[in-house]
Amino acid sequence: MSRRHAFLTAIATGMFLFSAASHAQYKDEYTVSTVLPSAFPWGQAADKWVELVNERSEGRINMKIYSNSQLVAGDQTKEFSAMRSGLIDMAVGSTINWSPQVPELNLFSLPFLMPDYAAIDAITQGEAGEAIFAAIKKRGVTPLAWGENGFRELSNSSLAIDEPADLDGLKIRVVGSPLFQDTFSALGANPTQMSWADAKPALTTGAVDGQENPLSVFDVARIDQVGQTYLTRWHYMADPLVFAISNRVWDQFSPEDQALLKQAAIDAGQWEIEKSRSEVDGILATIKDRGVNVTELTPQQRDAFIEATRSVYEKWTPRIGEDLVRQAQDAVSNRNP
Ligand code: X2X
């Protein structure tokens, strides 16, 4: 072997070993951040992902869930940044909590954009969903699949709400994006931004009068026990969940394992979406049994809320992106029921 040939062979071998090693050096355990733990559909979505990945990788890829936003000291709005910087490897996170860093995610928070489940699916499974995933990727995090927290309903401690005027002066806990300040201000309420960790104490002491969350959260967190005896089913928005992984971590996986992680997330997401949707009716019955006064809106009453919150679209459409909002609205208009 000529010296030159030997030299090139040595370099090639080195490169091979290096690339094999860079894939082989997986962490013993990857951190997965969630806000809600296993008692909630959200936590179950993460559990399922972890279980499927462990099974399908035959124990090569291990993930450990840290719930209650503990990796970001309870501040769920810092989760995305922590993932981007590699402080957190992976997360199953709500679009609401990541919207401060990814403005496109405010799309889902536009009031009354999505009237039903088919509307959510038309957005997430279509071009708008792809554009949103591209926006997440661009900001340092690789999105893999969609899950669902659920349609968010309004609860409060003082009255049955069926028109915007009923919200006058009520202090409502919100989280995530200043968009919520605008929605609730447009309705005449007094919105207060606070983390989930602070929400229940604030409801308990009466520091706030109301909150909005999916029925599954209202039920499992026993929000009825902290004086929230009125619930209005207005379905004003739903927050999808996104299964995601820091770009830095993603790039360390072999293409085969990337595919494995992604497929497991898709399967876990589909499983959780179906499960949580199928549980809503039972949860509603449970909540009523506990003595919560539930108000259903007629289409006319719902229209009054839609009218009252139009200004939110004017202000937020340019921030979210004109094209994206139009794409989403078209997807909703053309959805299969
Ligand atoms: O804080 C909330 O309201 C929750 C649990 O639904 C989210 O993380 C968006």
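Each ligand, and each atom within it, is numbered from 1 in the order the structure gives.
- Scanning the protein heavy atoms around atom 7 (C) of ligand 1, the nearest turns out to be Gln76 NE2, 3.5 Å.
- Polar contact check, Asn213 against ligand 1: a nitrogen or oxygen pair lies under 3.5 Å apart.
- Counting non-hydrogen atoms of neighbouring residues, nucleotides and ligands closer than 6.0 angstrom, the NZ atom of Lys78 reaches no more than 12 such neighbours.
- Residue contacts with ligand 1 for Gln211 are absent, since no atom lies close enough (heavy atoms, distance under 4.0 Å).
- Remark: ligand 1 atoms within the under-4.0 Å shell around heavy atoms of Asp239 are 9 (C).
- For ligand 1, the atoms closer than 4.0 angstrom to any heavy atom of Asn149 are 6 (O).
- By the 3.5 Å distance cut-off applied to N or O atoms, Ser94 is not counted among the residues near ligand 1.
- Arg173 NH1, 3.4 Å is the protein heavy atom nearest to atom 2 (C) of ligand 1.
- For Asp219, the salt bridge (Lys or Arg N to Asp or Glu O under 4.0 Å) partners two or more places apart in sequence, or in a different chain, are Arg290.
- With respect to the salt-bridge test (charged N to carboxylate O, under 4.0 angstrom), the residues Asp121 and Arg335 do not qualify.
- Between the side chains of Ser246 and Asp89, no donor-acceptor pair of N or O atoms lies under 3.5 Å.
- Proximity of a side-chain donor or acceptor of Glu104 to a complementary backbone N or O of Leu324 within less than 3.5 Å is not detected.
- Geometrically, ligand 1 and Asn97 share a nitrogen or oxygen pair separated by less than 3.5 Å.
- Distance alone, capped at 3.5 Å, is enough to place a donor-acceptor pair between the Gln193 side chain and the Gly176 backbone.
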